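Take a look at the structure set out below.
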Amino acid sequence: MTTTSARRFGALGPRDLIAWGVFALMLLVAPLIFSSGLAVTMLSQIGIAIVACLSYNMLLGQGGMLSFGHAVYSGLGSYVAIHALKAAGDGAFPVPVSLLPLVGGVAGLGFAVLLGFVTTKKSGTTFAMITLGISELIGAMVFMVPEFFGGEAGIAANRVIGKPVMGITFGPQIQVYYLIAIYTLVCTAGMFAFTRTPLGRMLNAVRDNPERVEFIGYNTQRVRYISFIIAGFFAGIAGGMYALNFEIATGEVVGAFRSGLYLFFTFLGGATFFFGPIIGAVLMVVAFVMMSELTKAWLLYLGLIFMLMVMYAPGGIASLIMMNLRVAKFGKLRRLVAWYAALIVTGLVAFCGIAAIIEMVYHLQLDESLGPVLRFMGVELNAKSAASWAGALAVGGIGYGLFEFTRRRFAAHWGDVQGEIAAAIRAREAG
């Protein structure tokens, strides 16, 4: 193996080691900085979501496989892990609580072996439809096989079993968090290592040009199938951590809604970059816990955000970060700061007007008994007053017009900056 190959598939560079050290440090100190009970619970959920979204991105971002049923493997991992936890509590299955996520991982791997062979026979739209069908099938089985799924109530268990080991009972949430943090770090490192392997590179090639991969002698279905199994294993670990954290598994964990969330937030974070799904996982937990408390229309806001990202930043948040880091590397970011500020201000104005309309609609539909008046961002709005509707429409319309005008001017400056960077690169290569 050449030195270049060893560097590509083996050793990490100094920047990689620093990045991983920072990531491990963040996992270690996060509950010391955010020490409230709610914060530790959210941090635990973020760890679970990171593993789940990264495992989904093995299919979507690295393999180009759009799956509508990834929650099947994380959810079935949750069910097997919760049954294992119940059996361990009854003394029928002597397994340490700390290994339950691995039980979920093995379950996810097993179901991926079983279902993935059929699923990966096809690619593209056919693959997506097969995953959707399997998701609906498993969702229907929740009520058809209550002995395993527990029906609507689900399956519950107690994670505090056996004698404490070094004072660890996994009763306090902080102990569960650190166990999840360890699994999150190891699984994230494992999935990153997969991207450096020949199989991971071949999966990228299958995504980009499957005909050429077939031409040089590789079986594209086999590459997809093996990658699907590995993704199912990590999804199952996420499901096992979920079961351990919440001590329950319900039909929601295998439902199409959860699969849609994995797709939504992986795309939002940036499926083309390894760290994109990590950003998406953080946003997913924040959206569920924080936004759902702020407004009843939070799902509608998420839909609007998704639509705007598809329109203006299809590469996700990670893509925006990397593009601007490239601009900063060439010392041209200062020229865009004022334009970014203008985009943020005009975007906020448009958002305030649109959000006021949404909140008044929801108030009329859900809270009409409380009267027509509601408070939004410190301003009193009357949902039955023409003046409030006209004002919200005017603010939203003017804000959007200014945003669109600013965006087009920004796009022109962005193009100029990219042209200068390209010229600088060509001059550097020529010199």
Side-chain angles (χ1 to χ4, degrees), residues 7-58 61 97-102 105 165-197 200 234-235 237-238 240-242 244-245 265-266 268-290 316-322 324-326 328-329:
R7 192 173 297 150
R8 181 179 298 173
F9 299 120
L12 297 176
R15 291 183 181 179
D16 294 326
L17 293 174
I18 292 173
W20 283 106
V22 170
F23 182 54
L25 183 63
M26 289 173 62
L27 292 174
L28 178 65
V29 305
L32 304 179
I33 300 173
F34 307 100
S35 57
S36 68
L38 174 62
V40 175
T41 300
M42 287 181 64
L43 289 172
S44 300
Q45 294 181 53
I46 287 172
I48 298 169
I50 286 173
V51 176
C53 288
L54 282 173
S55 69
Y56 180 73
N57 199 49
M58 291 179 69
V97 173
S98 59
L99 295 183
L100 281 173
L102 284 179
V165 178
M166 299 177 63
I168 299 175
T169 63
F170 294 111
Q173 184 63 40
I174 188 66
Q175 294 181 3
V176 178
Y177 164 77
Y178 277 115
L179 178 64
I180 291 174
I182 292 171
Y183 274 102
T184 300
L185 180 62
V186 173
C187 289
T188 303
M191 285 183 275
F192 179 75
F194 173 79
T195 66
R196 300 291 188 94
T197 63
F234 286 110
I237 289 179
M241 291 192 291
Y242 179 96
L244 188 60
N245 186 60
F265 284 100
T266 299
L268 185 64
T272 54
F273 296 91
F274 181 80
F275 68 93
I278 298 177
I279 298 174
V282 175
L283 294 177
M284 181 168 72
V285 175
V286 171
F288 260 80
V289 178
M290 306 294 287
I317 295 173
S319 176
L320 294 177
I321 293 172
M322 296 306 294
N324 283 280
L325 285 176
R326 180 173 180 264
K329 181 180 178 181

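Computed from a prediction, not measured in an experiment: that's the story for all the values here.
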Counterpart residues, side chain to side chain contact (heavy atoms under 4.5 Å, CB included), relative to [X] (two or more places apart):
X	value
S35	none
L325	I321, M322
A235	S55, H70, Y73, S74
V165	none

Nearest 0.5 Å please: distance from the [atom1] atom of [X] over to the [atom2] atom of [Y].
X	Y	atom1	atom2	value
L283	M290	CG	CE	12.5 Å
T41	I174	OG1	CD1	9.5 Å
I237	T184	CD1	OG1	10.0 Å
T188	L27	OG1	CG	7.5 Å
S36	M42	OG	CE	9.0 Å
F234	N57	CZ	CG	13.5 Å

message: Does V51 form a side-chain contact (heavy atoms from CB on, under 4.5 Å) with M191? I'd like the steps, not just the answer.
response: CA-CA 9 Å; V51 176; M191 285 183 275; 4.1 Å; yes

query: Parallel under 30°, tilted from 30 to 60°, perpendicular over 60°: which one fits the rings of W20 and F23?
result: perpendicular

If you compare all heavy atoms of [X] against all heavy atoms of [Y], which two are closest, and at what distance to 0.1 Å?
X	Y	answer
Y56	T266	CD2-OG1, 3.6 Å
A318	G270	CB-CA, 4.2 Å
M284	A49	CE-CB, 3.4 Å
Y183	S98	OH-O, 2.5 Å
G47	M241	O-CE, 4.3 Å

query: By ring pair (Phe, Tyr, Trp, His ring centres under 6.0 Å), which residues pair with Y242, not counting sequence neighbours?
result: F246

Is the backbone of [Y] close enough, under 3.5 Å, to the side chain of [X] for a donor and an acceptor to pair up by distance?
X	Y	value
T195	F192	yes
N324	L320	yes
Y178	L28	yes

Identify each donor-acceptor pair in which a side-chain atom of residues 166-173 lies under 3.5 Å from a protein atom, sequence neighbours left out, and give them as a table.
| residue | atom | partner | partner atom | Å |
| --- | --- | --- | --- | --- |
| T169 | OG1 | G171 | N | 3.2 |
| Q173 | NE2 | S44 | OG | 2.9 |
| Q173 | NE2 | N245 | OD1 | 2.8 |

Flag side-chain contact, heavy atom, 4.5 Å: V97 against Q175: no

